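See below for the structure under consideration.
Computed from heavy atoms alone, side chains included, the values below leave out hydrogens, waters and symmetry copies. What you see is a predicted model; the values in this text were computed from it and never measured. First the proteins, then the strands, lettered A, B, ... as listed; each starts at 1.
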Amino acid sequence: MSTDSGYDVGKGDSVHPGKPVTVDRYTGGARINHWITATSLVLLALSGLSLFHPRLFFLSALFGGGQWVRTIHPWIGVVLFFSFLGLFLRFWKLNLWKREDGTWLARVRDVLAAHDERLPEVGKYNAGQKLVFWSMSTLIIVLIGSGIVIWNQYFAAYTTIEQQRWALLVHSIAAILAISVWITHVYAAIWVKGTIRAMVRGSVTGGWAWRYHRKWLRELVARPPTKEPTADRKRTAAE
Amino acid sequence: MFPPVLNPTTVPQEPKFGERDLMRRSASTVTPPAQRQTEVAKLIDVSKCIGCKACQSACIEWNDTHPQLESNTGIYENPHDLTPDMFTLMRFTEWENPDTNNLEWLIRKDGCMHCEDPGCLKACPAPGAIVQYSNGIVDFVHENCIGCGYCVKGCPFNIPRISEVDHTAYKCTLCSDRIAVGQGPACAKACPTQAIVFGTKEEMKKHAEGRVADLKSRGFDSAGLYDPPGVGGTHVMYVLHHADKPEIYAGLPNNPAISPIVEAWKGVTKYAGLAVMGVAAVTGFLHYMVNGPNRVSEEDEEAAQRLTGDRSS
Amino acid sequence: MNMELSRRQFLGAAGAGVAATALGALGFGDIEAAHAEAIRTFKLVNTTETRNTCPYCSVACGVIMYSKGDRTKGEQAEIIHIEGDTDHPTNRGTLCPKGAALLDFVKSDTRLKYPMIRKPGSDKFERVNWDDALDRIVRLMKDDRDANFVEKNKDGVTVNRWITTGFLAASATTNETAWETYKVVRSAGMLVFDNQARV
Amino acid sequence: MTNSWTDIKNTDLVIIMGGNAAEAHPCGFKWVTEAKANRGAKLIVVDPRFTRSASVADLYAPIRQGTDIAFLLGVINHCIRNDKVQWDYVKAFTNASYIVKDGFAYKDGLFTGYNEAKRDYDKSTWDYVIGPDGYATVDDTLTNPRCVWNLLKEHVAVYTPEMVERICGTPKDKFLKVAEMIAECSSPTKAMTSMYALGWTQHSKGSQNIRAMAMLQLILGNIGIRGGGMNALRGHSNIQGLTDVGLMSNLLPGYLTLPNEKEIDLETYMSTRGFKPLRPNQMSYWQNYRKFFVSFQKAMWGAAATPENQFAYDWLPKLDVPGYDILRALELMTQGKMTGYLCQGFNPLLAAPNRKKVTDALSKLKYLVTMDPLDTETARFWENHGEFNDVDPSQIQTEVIQLPSTCFAEDEGSLTNSSRWLQWHWPGGTPPGEARTDNWIMAQIHVRLKELYRKEGGAFPDPIINLDWAYADAGEPTAEELAKEINGKALATVYDAADPTKVLAEAGKLLPGFAALRDDGSTSSGCWIYSGCFNENGNNMARRDTSDPDETGAYAKWAFSWPVNRRILYNRASADVNGKAWDPSRKLIEWDGAKWAGYDVPDIAPTAKPTDVGPFIMNPEGVSRLFTRGLMRDGPFPAHYEPFESPLDNLVAPKVRGNPAARVFKGDFEQFAETASKEFPYAATSYRLTEHFHYWTKHCRTNAVLQPEFFVEISEELAAEKGITKGGWVRVWSKRGSIQAKAVVTKRIKPLICDGKPVHVVGIPLHWGFTGAARKGFGPNSLTPFVGDANIETPEYKAFLVNIEPIAGPVA
């Protein structure tokens, strides 16, 4: 079909006709990668918030106290960075901006009102998801960069205190934004029913794909069929 | 001679200040005591200092610290910087006075200034790791310290140091354990020339006036007291022969204050950040309440079946 | 100790403080309040005080040594802290960087604990007991003295001198030790005798 | 010190020259800051380096090391020329008016009577003209050209400010500023104090450095008054005491002297010691010499010292040379003439000059015994420590016995500080391991040696076997027993000489003081000048009364100050000829018409009339000496001599090298670098740093941290010239040895312009060795020349020549 099909279809995506139709959206590897990232992010948020505001210091108890938070937080950050790097490498192409994304974004009122029928057909990711992706990518780079500057135990000697002060400010602002983006991301997954199974079982229903990512579905359908059953499907079926 | 502090007693005594006298406590709110204790201060008269390092020696002995044996790097500062085991340090500057062409060997005892508005305490995220007593002493409580190093960034004087052994922050305590039993700090007791004296802040300011007058009589027209208002004044003050140029004393900050970056981080960012995150969460919640879930309809499924059916047929 | 007594002693100490500086006027509230965990327990509590003078330079600053255990009661006494004696007219409680670290001298890793002997040509010290060490020393001394003592010079004048063994006296021993040393050295006829005054 | 540490607060001007009080005596220096803060006193520091003392000085003047006499005679010249003299004082209390013998002269750097072969003088002309009445002739008008004053005036005339600048490298304007500030103190109401230490003594003319300042102080009228004086800061805690008790080759306790072999009996010995007064009515205190000597002999040998055996006069060893000081001892060892050496807490391997020679010397001994609380380098001189002690143990046949002694904290007794205060201390700690007190060790040696002599017989055992040793425990005399022996006892009841009915001390009791000593054997006293320290009033050294009436700084009831608890020596001179204080605000003692009274114990008899008796009763003239007769080996006036190793010829006497009267051993002369040597072009000096005490505190963790590693200090100019970087490694070498060190490049050392040429100074601190907690390093004694002061043999540590170069650093 279209020459840009590679942009809209991820590795391992495939359609399984039936009643209902199921569509493989995420491979096992992608889902593990996502959940590592997600867990890291949550732990980082919790530990980071415990140091961000005194009212939240109680959260440090989840990690065994402030000393543990101080020790663990940066290491989780390193895990997050590399884990997210994995996601980035997997998905960056699919998140490149398209003409229809602009239209989609312009009709954000319809998006929020769930008038999906009034929206243009989008590929694997809609503009909102792409914004999440790119803002997270940017914020994580900022966070890891500023985080290293304020990682006192190993890196204190390499920067001036003034630089470290800036890093602290930048780190906390970036973290607030990242958490806000994360809230949006999680909310979207909760609001749009049938989304979470994509990251749990790896597949969505055909209707979900039709409703939210029709262009992606069309491209998948237009592709030659994949072998049946995939390993993913077998496991999903066993569940 | 300024009256020296009397010899300590070995009889157990109740400490003269404690928890009840807390004026500030890091990452916590405390109710300041109704009546503030008399403010204490240490006055360091740089013009009387002979750089003998007795203060460093007494500090090590009293606080049972073990600074590392370093090597000579062509300077007199040893250790070369403040460390978690060296709470005070003589810093030496060879300064040629352009007005007189005379060499002046400026020797400043560096260490915690015990600011009235302590940047370390402001920056500290760990409840109760840094406390300020109403007598002005800013002290670190190691049980509560998490070793994050925020105090280092908060301090306008670059004083706290993080131990690589127990990962907590260290600095001069003003010998709070000695002051609590009516003694002076170990450095002040040891100082051979009384370049360091200790007493109430008022006493120290008065003593400083006399010293400044003496220095002016000897031709140091810019002699003065260093009690920087930018941090609300300090409980360690200097008499300087060139008070107009504190920076020549190994970089003593001219008009120090808590960095605006730290103020922004600990001020507006802290509240705005919580607000932004809160708004995001609440918006989602309200949106859900108002709009309900966004569900896939039967028609959608059928459409999908049609689409795939079309292809598979 | 009962509370009343300790309270009185505290107030006494505070009163003394007034005489020294206005520190005594610090507005202390309820003295029975709990000890803040930030403030270290005063480490000289219940130690034994002994007056001494700094052994280094000739200013001879007064020091107070604080020990666990009391020698005068025949106990093992371990010195845990040394600081200047404010009552001393010269130093008024101050100490220089050497004096302030006197504890490190008392507890130096290189303090000697046992008599040692190094045999001719050997590359090591070996431990020896006091009796053997002292007997060996006086044997060496006597052999040399008997062999080289000069009773009369070549003019026949009685000179009674021994110049093949010498004695270098210290510079930090007490006058009493110095006097005893003087007696021992001079009575043996030694002339090669000096102290550290020159260097 | 003529005065005390606490008295310095009374001064108007402090001159620190030949010392570095802030650095070496910080707690004593406190009294300088007190004088500055409370009296508006000024501080002048004259030193080759801008020291820590200089950092708080009102005026700093640089000087080339070893040229202090030129500087000081320049100041005297300035005072004389500008009439800045306290005339009443000079005329009444010095020998300015005394007429000097005709033969005496000074020419080309030499005084009359020089014998080049012997490096010594015939001093017979260095004396006063004695009149037919047996007294010295004086000219109160000071017009006689042969009077001391006029000879002095002539002697110092060459030291003009220009000459001072050429010799010392002190810029003329700085010198004049110093001279003017000092000259102000010629006023009877202004006092200057001189604080000096080894910066003056460790020269081949160290004694004359001090004399030059003493003369200046007399001219200014500053001796004997509060806030004035000649204040030797001194080194170790009891070096004053060890010297007072006479632990030197040629001394008996209390500055009595050991007989030489020409003094065949007691009468001959006494004939040169009990000086007769040189002026009418004068008190010559040494007339009591015999009392002190006999009492000492009784303290040594008790009942065995009898009038019949001249109080055991023969039992004292007799000298054949002026003295067996440490330099001579090392020389004798080098020559293989010594068998054994006992070191009681001293570290000669690092403390004596020319370390290579010291190692050779110790290697030639049969045995070496060390007694020390610490593991010294001397005890391990035979042990290889790589470049830091490069020896082959197998080649060293010395048997070494190292004895562990207690330290101050575990020991009891008194120490005498530089204020002459005898202060008692108490033991507070248990000694480590098997460490024993020095008292025990010395007693064990004596008791065991005595036992061997009893059993085996041997060479002249009498003085050993008869040594008075009546201690409760012969194996360990207590400090108290020894202190009482030093103070002295009445062996028979002692009566007042003036009033035979008055008992001064019952038989068996402690003597009240040295006035009770007798020459008939009825008293004993180990050290007469200490008598009174432990009498029937108790242990006066342990007194802790801090009262100080009118805050004069005397603290008369604190401890005990020798002699007789006198706090300021020559205090009679604080008052004018009629006994009125020169400066009422500085009153010390005054004549009230019947007696002397005031804040201190008078120097002279309390009832001695002021117009009769002079203040300097230890001199038979009763006055002080601007001209010192034959008492100094190298001249009755100080004269400028260059150090033996100097970058410059002697500008006032070009033919003279070094101090012409200083002793130089054969072989050592060859080891001096030549004057203005191209091979060794830089002027080195050695000194202490405030963080350390000699080779002692490198064993202390904290002090090792505060100054961890050996270094040398040089100017930025020399560093640039030689390509030496701050903190980089350098090699410094002299004709006698080589060392490696880190370089501290500093503005505090500046090249001096001497006689038009720049002289670079290399500063070498002395605190490192190869044992202890600090980093291993070298000491300056690897480089210093083997020569001492002409009078007392203090080695020339402060001025010698070296070369310096940057190096890559030691291997590994």
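- Counting heavy-atom pairs closer than 4.5 Å to chain D, the top residue among C:Arg186, C:Lys119, C:Met141, C:Gln76 is C:Arg186.
- With a 4.5 Å cut-off on non-hydrogen atoms, D:Leu467 touches chain C through its side chain but not through its backbone.
- Proximity to chain C is limited to the backbone of D:Glu691, based on heavy atoms less than 4.5 angstrom apart.
- Of the candidates C:Glu49, C:His88, C:His81, C:Ile64 forms a side chain to side chain contact (heavy atoms under 4.5 Å, CB included) with just one, namely C:Glu49.
- Comparing C:Asn129, C:Thr72, C:Thr181 by heavy-atom pairs within less than 4.5 Å of chain D, the highest count is held by C:Thr181.
- Ion pairing of C:Asp85 with C:Arg51 is present here, as a side-chain N (NZ or NE/NH1/NH2) and a carboxylate O approach within less than 4.0 Å.
- Only the side chain of D:Tyr555 comes within less than 4.5 Å of a heavy atom in chain C; its backbone stays farther off.
- Contacts of C:Lys124 with chain D are made by backbone atoms alone, with heavy-atom separations under 4.5 Å and no side-chain atom involved.
- Most heavy-atom pairs under 4.5 Å with chain C, from the set D:Lys30, D:Gln240, D:Met371: that is D:Lys30.
- With a threshold of 4.5 angstrom between heavy atoms, C:Val157 approaches chain D through side-chain atoms but not through N, CA, C or O.
- Using a 4.5 Å cut-off between heavy atoms, C:Ile82 contacts chain D through its side chain alone, with no backbone atom that close.
- Remark: C:Glu75 does not engage C:Lys68 in a salt bridge, criterion side-chain N to carboxylate O under 4.0 Å.
- With a threshold of 4.5 angstrom between heavy atoms, C:Asp131 approaches chain D through its backbone and through its side chain.
- If you measure heavy-atom distances from C:Cys61 to chain D, the contacts under 4.5 Å come from the side chain alone.
- Looking at D:Leu706, the atoms closer than 4.5 Å to chain C (heavy atoms on both sides) all sit in the side chain, from C-beta outward.
- Rounding to the nearest 0.5 angstrom, the gap separating the CE atom in D:Met338 from the CG atom in D:Leu332 is 6.5 Å.
- Of all the listed residues (C:Asp70, C:Asn153, C:Asn148), the one sharing the greatest number of non-hydrogen pairs under 4.5 Å with chain D is C:Asn153.
- Looking at residues two or more places apart in sequence or on another chain, you find no side-chain hydrogen bond (donor to acceptor under 3.5 Å, both in side chains) involving C:Ser187.
- Counting heavy-atom pairs closer than 4.5 Å to chain D, the top-ranked of the candidates C:Asp155, C:Val106, C:Val150 is C:Val106.
- The closest donor-acceptor contact from the side chain of C:Arg118 to the backbone of C:Phe125 lies at 3.5 Å or more, if one exists at all.
- Using a 4.0 Å cut-off between charged nitrogen and carboxylate oxygen, D:Glu793 and D:Arg328 do not count as a salt-bridge pair.
- Ring centroids of D:His694 and C:Tyr56 are separated by 6.0 Å or more, keeping the two rings apart.
- Checked by atom type, the side-chain pair D:Asp314/C:Thr158 shows no donor-acceptor distance below 3.5 Å.
- Looking at C:Thr50, the atoms closer than 4.5 Å to chain D (heavy atoms on both sides) all sit in the side chain, from C-beta outward.
- One finds a salt bridge joining D:Asp320 and C:Arg161 here, because a Lys/Arg side-chain nitrogen approaches an Asp/Glu carboxylate oxygen to under 4.0 Å.
- Looking at C:Met65, the atoms closer than 4.5 Å to chain D (heavy atoms on both sides) all sit in the side chain, from C-beta outward.
- Salt-bridge formation is not detected for the pair C:Asp132/C:Arg136: no Lys NZ or Arg NE/NH1/NH2 atom is positioned less than 4.0 Å from an Asp or Glu carboxylate oxygen.
- For D:Arg436, the parts lying near chain C are the backbone and the side chain together; criterion is any non-hydrogen pair under 4.5 Å.
- Contact annotation for D:Leu198: only side-chain heavy atoms (C-beta onward) come within less than 4.5 Å of a heavy atom of chain C.
- The parts of D:Ala443 that come within reach of chain C are both its backbone and its side chain, each placing non-hydrogen atoms under 4.5 angstrom from that chain.
- For the residue pair C:Val192 and D:Ala329, the shortest heavy atom distance occurs at CG1-CB, 3.4 Å.
- Looking at C:Thr173, the atoms closer than 4.5 Å to chain D (heavy atoms on both sides) sit in the backbone and in the side chain alike.
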